[in-house]
Amino acid sequence: MLTKLYGILPSPPVRSVLLCASALDIKLDFININLLEGEHMKQDFLKKNPQHTVPVLEENDGFIVSDSHAIMAYLVSKYGKDDSLYPAKDLKRRAIIDQRLHFDSSTLFTRAVLISKPLLFENIYPSKERLDALDETLNIVDQILATNNSGYIAGDQLSIADFSFITSLTASNLFVPYSKFPNIKAYIDKMEKMPFYKENVEGLSLLHELFRPKLKNNP
Ligand SMILES: N[C@@H](CCC(=O)N[C@@H](CS)C(=O)NCC(=O)O)C(=O)O
């Protein structure tokens, strides 16, 4: 039996795990959890993840781990042919990747969610403060990419941090267009050409379909 991944395609962190699985060339059994119908609040799912978020990974021996960043680190360590996407022994490279993963968790994805969640569930249009906070974050990402100057978000090669950033950035584009951030634009153009990127396409377009009508009807 395949390892299970609980999620929903429009979710950026779910897609990060799918990009990672594709880069590792592993198949997962995808189980849809419809957040819009509240399936993440049902007892069966809450037993797996009391935080009621997707993605959640479940191994056949009953091992369960949630959070896309933790899941990707686990998948590389357990199933990777090598550890290049998340090094076990190169501590300095791993520290930089960890910094980016925490930045995504604490700031980039979170600031986008502070806009998307009220809009999706309560039709609350984002305040200027929230849009400015996301704009400020994208400016930081643009600077990281400029300083790094490798085409990757951490160090000079592909890592799991790229899977987090590419899904968070392409989702944030709904609210703050990245056209004014040249390094983000170049980064996305580069990632779109990578073989694993195909896993981002359908979910991203579903996310845009969900939000576009809501954004059109607001100031
Ligand atoms: N840091 C988490 C964030 C996961 C997350 O917030 N997922 C959203 C969907 S994009 C969710 O499940 N929201 C439902 C909820 O918060 O109840 C990760 O990377 O997995």
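First listed ligand is number 1; within each ligand, the first listed atom is number 1. This chain uses plain numbering: 1 for the first residue, then up along the sequence. The structure presented is a predicted model; accordingly, all values stated were derived computationally and were not measured.
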Geometric cation-pi criterion K190 and Y197, 6.0 Å radius, 45° cone
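Negative - K190 is either too far from the ring of Y197 or too far off its axis.
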If you measure every N/O of [X] against every N/O of ligand 1, is any gap under 3.5 Å?
X	result
V54	yes
Q51	no
S105	no

Protein heavy-atom partner closest to [atom] - residue, atom, separation in Å:
atom	result
atom 1 (N) of ligand 1	D67 OD2, 2.9 Å
atom 3 (C) of ligand 1	F109 CE2, 3.6 Å
atom 20 (O) of ligand 1	S68 N, 2.8 Å
atom 10 (S) of ligand 1	S11 OG, 3.2 Å

For salt bridge (charged side-chain N to carboxylate O under 4.0 Å, His left out), just list the numbers for E199 and R15, CA-CA rounded to whole Å, side-chain angles, deciding distance to a tenth of an Å, and then say yes or no.
CA-CA 7 Å; E199 298 295 335; R15 276 183 274 124; over 6 Å; no
For K117, state whether at least one heavy atom is located under 4.0 Å from any atom of ligand 1.
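It does, in that a heavy atom of K117 comes within the 4.0 Å cut-off of ligand 1.
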Keeping to residues at least two apart or across chains, list the salt bridge (charged side-chain N to carboxylate O under 4.0 Å, His left out) pairs with something in residues 91-117.
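Sorted result for residues 91-117: R111-E136.
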Residue [X] vicinity, atoms of ligand 1 by number, heavy atom under 4.0 Å:
X	result
H40	14 (C), 15 (C), 17 (O)
H69	19 (O)
P55	20 (O)
H52	12 (O), 14 (C), 15 (C), 17 (O)
L35	9 (C), 11 (C), 12 (O)

Pair V14-Y6, side chain to side chain contact (heavy atoms under 4.5 Å, CB included): steps then yes or no
CA-CA 8 Å; V14 168; Y6 297 88; over 6 Å; no
Determine the minimum heavy-atom distance between L174 and L215, stating which atoms define it.
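Heavy atoms of L174 and L215 come nearest at O-CD1, 3.6 Å.
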Might you point out which heavy atoms bring N34 and I8 nearest each other, and give the distance in Å?
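Of all heavy-atom pairs spanning N34 and I8, the closest is CA-CD1, 3.9 Å.
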Might you confirm whether atom CG of D83 has over 12 heavy atoms from other residues, nucleotides or ligands at distances under 6.0 Å?
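Counting neighbours around CG of D83, more than 12 heavy atoms of other residues, nucleotides or ligands fall under 6.0 Å, so yes.
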Take a 6.0 Å sphere around NZ of K4 and say whether it holds more than 12 heavy atoms from other residues, nucleotides or ligands.
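Yes, because the 6.0 Å sphere around NZ of K4 holds more than 12 heavy atoms from other groups.
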P13 contact mode with ligand 1 (heavy-atom cut-off under 4.0 Å)
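Under 4.0 Å from ligand 1, P13 contributes side-chain atoms alone.
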In the hydrophobic cluster built from side-chain contacts under 4.5 Å, what are the other members alongside V113?
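ILVMFWY cluster around V113 also holds F109.
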